[in-house]
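A quick write-up on the structure given underneath.
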Amino acid sequence: MASVDVGIGLLGYGTVGSSVNRMLVEGADEIERATGHRLRVVRALVRDPKKDRPFPAGDGVLTSDFAALRDDPDVHVVAEVMGGISPAGEYVRELLGAGKAVVSANKQLIARDGAELFAAASAAGVQLRFEASVCAAIPVVKVLRESLVVSNVHRVLGIVNGTTNFMLSRMERGGSYADALAEAQAHGYAEADPTDDVTGADAAAKMAILATVAFGSRVRYEDVERRGIEELEAAHVSAAADLGMVIRLVGIATLLDGAVDVRVQPALVDRSHPLAAVDGAFNAVMLQGDAIREITLEGPGAGGLETATAVVADLVSVVGTSGTGFLQNDACWRELDRLPPVEWSSEFFAHLEVSDRPGVLAHVTSRLAAHDVSVAQLVQRPADGAATLELVLHRAPLGEVSGALREISAFPEVLRPPFLLPVIR
Ligand code: NAP
Ligand code: HSE
């Protein structure tokens, strides 16, 4: 009979935690064949050990006492799958300090406190891994850190939030925002507080982590410009469709002339672009670099079992590399400047509501021309004595486009502040 040689602790036994246990139990033979080790959950921290669980943890495994898990000599590696900054952050620090390797699915914790946590892991000589914190089942961290180590990745473009992609896909087919969100929550895709999903906070944390790993320079959550999907209206979705595009919440990380820009925002995506085909709770990440040109990884971006695959992969990596020093260091080796946001350039889509009077169009285009911003496409639609103008603008710096739109907003004929989104082709 095989012996249990690696005891696993779980911080959290919810959607992801219970799936990790299920996968370790049901995949125990495969893991043992691949690694020579049997991994078994011996302790799992929860708020309420009496609650019914979709996959029971086994007698005596659930506890609400963190010290019981931390001090259990049978717990060798811990998966942090509880979420939040506190107390999860304190627990991870204590575990690292106690010499236990940790793998985490917690993008907010890694994106905000990563520098300190990696320093603590390094000081203790134990590993801290975080594959599950970004894009659930897609092994993008491993690909960036190992497979593309010499590829000089300079752009990462991604759909990294399953909940909002699921919602936007439903809304394209006529579903309402509220129903789509409720359905995403029922599937277990959404964060405990779904505000993190719809405001872009979840995607911003993931893009900070991806940019950090891709560029080798720390990008924190606070460094990411972000905008969510809450302002989107049915009119924007149908205007995009008329232009042959779809709206997606897109993360864009750019390394340009030694400076970094990371942003998350809804964007119009041309239907022929690979990101336009990413449907439902799927995620996709496009990595662009010198030799590789472009690699796209696509797969399930949320869900218990989907995320558990990445947690289990990290547990296996810890077991497979402990004591060798292989890949256990922080990814950062340099400090890069931030690209001033006004210098970030893109094609843009602008939606304006104006009075339908002679000269309005000339006014709008003259302010754009004054900022050297050129119009690629223009659609005008009548709307109750007023008109909407939908403009696609050629590539221009954000500062120039925003400057022109600020001046345009001041015209008395402009009835609402213009709505601006980048266009991706
Ligand atoms: P969840 O279903 O809400 O589970 C959280 C678990 O942590 C629960 O078992 C809960 O205990 C426990 N917990 C929370 N706060 C605690 C505290 N203060 N003390 C003790 N136990 C506590 O969350 P989840 O969806 O599994 O997500 C967990 C982590 O994975 C988060 O960081 C999330 O961002 C990340 N993640 C989730 C997904 C996904 O699709 N769900 C995908 C990728 C990453 P009780 O059960 O007793 O309440
Ligand atoms: N709430 C997250 C999402 C879970 O929808 O993408 C995966 O990190």
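Just follow the structure's listing: the first ligand is 1, and inside any ligand the first atom is 1.
Counting only heavy atoms of the protein, atom 48 (O) of ligand 1 lies nearest to K51 NZ, 3.0 Å. With hydrogens left out, the protein atom closest to atom 42 (C) of ligand 1 is T307 OG1, 2.9 Å, a heavy atom. In terms of protein heavy-atom proximity, atom 31 (C) of ligand 1 is nearest to G83 CA, 3.6 Å. The protein heavy atom nearest to atom 37 (C) of ligand 1 is V16 CG2, 3.6 Å. In terms of protein heavy atoms, atom 11 (O) of ligand 1 is closest to R47 N, 3.2 Å. Summary of contacts: the protein heavy atom closest to atom 25 (O) of ligand 1 is T15 CB, 3.6 Å.
Atom numbering of ligand 1 starts at 1 in the shown order; those under 4.0 Å from a heavy atom of N106 are 32 (O). The atoms of ligand 1 that sit less than 4.0 Å from any heavy atom of P87 are 18 (N). Here is the list of ligand 1 atoms found below 4.0 Å of a heavy atom in Y13: 6 (C), 8 (C), 9 (O). Shown in contact with G303 at under 4.0 Å from a heavy atom are these atoms of ligand 1, numbered in order with element: 39 (C), 40 (O). When each atom of ligand 1 is checked for a heavy atom of D48 under 4.0 Å away, the hits are 47 (O).
For atom 12 (C) of ligand 1, the nearest non-hydrogen atom from the set G12, S19, A132, A310 belongs to G12. The residue from P300, G301, A88, G188 that puts a heavy atom closest to atom 39 (C) of ligand 1 is G188. Between A105, G17, C135, it is A105 that holds the heavy atom closest to atom 35 (C) of ligand 1. Residue nearest to atom 13 (N) of ligand 1, selected from K206, E191, E306, M82: M82 (by heavy-atom distance).
Across all their heavy atoms, A44 and Y13 have their closest contact at CB-CD1, 3.9 Å. Here the closest heavy-atom approach between residue F130 and residue D314 is recorded as N-OD2, 3.2 Å. Nearest heavy atoms, Y221 versus A208: N-CB, 3.9 Å.
Taking CG of L128 as the start and CD of E80 as the end, the distance is 9.5 Å to the nearest 0.5 Å. Here CG of L117 is found 5.0 Å from CZ of R93. Values are rounded to the nearest 0.5 Å. Note that the CG atom of L393 and the CG atom of L378 stand 9.0 Å from one another [nearest 0.5 Å].
A salt bridge is absent between D196 and K107; no separation between the charged side-chain nitrogens and carboxylate oxygens falls under 4.0 Å. Ion pairing between a basic and an acidic side chain is recognised when a charged N comes within 4.0 Å of a carboxylate O; K100 and E94 show no such pairing. With salt bridges taken as basic N to acidic carboxylate O contacts below 4.0 Å, one links E233 and R416.
Within the 4.0 angstrom cut-off, atom 3 (O) of ligand 1 has no protein heavy-atom neighbours. Atom 23 (O) of ligand 1 is not flagged as protein-proximal [any protein heavy atom, distance under 4.0 Å].
Residue G14 has at least one N or O atom closer than 3.5 Å to an N or O atom of ligand 1. The distance criterion of under 3.5 Å between nitrogen or oxygen atoms is not met by Y91 with respect to ligand 1. Polar contact check, R53 against ligand 1: a nitrogen or oxygen pair lies under 3.5 Å apart.
Defined by atom type and a distance below 3.5 Å, a donor-acceptor pair is present between the side-chain atoms of D193 and T195.
Ring planes of H187 and F166: perpendicular class, angle over 60° (limits at 30 and 60°).
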What pairs of donor and acceptor atoms, side-chain ones from residues 293-311 against any protein atom, are under 3.5 angstrom apart with sequence neighbours left out?
residue : atom : partner : partner atom : Å
E294    : OE1  : Q288    : NE2          : 2.7
T307    : OG1  : G303    : O            : 2.6
T309    : OG1  : E306    : O            : 2.6

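Listed by first then second residue, pairs satisfying salt bridge (Lys or Arg N to Asp or Glu O under 4.0 Å) with a partner in residues 255-284 read R173-D279, D261-R263, D270-R425, not counting sequence neighbours.
Partner R248 forms a side chain to side chain contact (heavy atoms under 4.5 Å, CB included) with one of L168, N161, I424 and no other, that one being L168. Residue V269 forms a side chain to side chain contact (heavy atoms under 4.5 Å, CB included) with just one option from V423, V250, V278, and that option is V250.
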Contact table, ligand 2 N/O with protein N/O, distance under 3.5 Å:
residue  : atom  : partner : partner atom : Å
ligand 2 : 1 (N) : Y189    : O            : 2.7
ligand 2 : 1 (N) : E191    : OE2          : 2.7
ligand 2 : 1 (N) : D197    : OD1          : 2.8
ligand 2 : 5 (O) : N161    : ND2          : 3.4
ligand 2 : 5 (O) : G162    : N            : 3.3
ligand 2 : 5 (O) : T163    : N            : 2.8
ligand 2 : 5 (O) : T163    : OG1          : 2.6
ligand 2 : 5 (O) : Y189    : O            : 3.1
ligand 2 : 5 (O) : D197    : OD1          : 3.4
ligand 2 : 6 (O) : N161    : ND2          : 3.4
ligand 2 : 6 (O) : G162    : N            : 2.7
ligand 2 : 6 (O) : K206    : NZ           : 3.0
ligand 2 : 8 (O) : K107    : NZ           : 2.8
ligand 2 : 8 (O) : K206    : NZ           : 2.8

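Contacts between V81 and ligand 1 below 4.0 angstrom, taking non-hydrogen atoms only, involve the backbone exclusively. With a heavy-atom cut-off of 4.0 Å, A136 does not touch ligand 1 at all. Heavy atoms of A302 found under 4.0 angstrom from ligand 1 belong to the backbone as well as the side chain. Using a 4.0 Å cut-off between heavy atoms, P49 makes no contact with ligand 1 at all. Contacts with ligand 1 closer than 4.0 Å are made by side-chain heavy atoms of K107 only, the backbone lying farther away.
Every residue two or more places apart in sequence or in another chain that forms a ring-ring contact (aromatic ring centres under 6.0 Å, His included) with H351 is listed here: H236.
A distance-only check finds a donor-acceptor pair linking the side chain of T163 to the backbone of Y189 [under 3.5 Å].
Annotation for E26: atom CD counts as buried by contact number, over 12 foreign heavy atoms lying within 6.0 Å.
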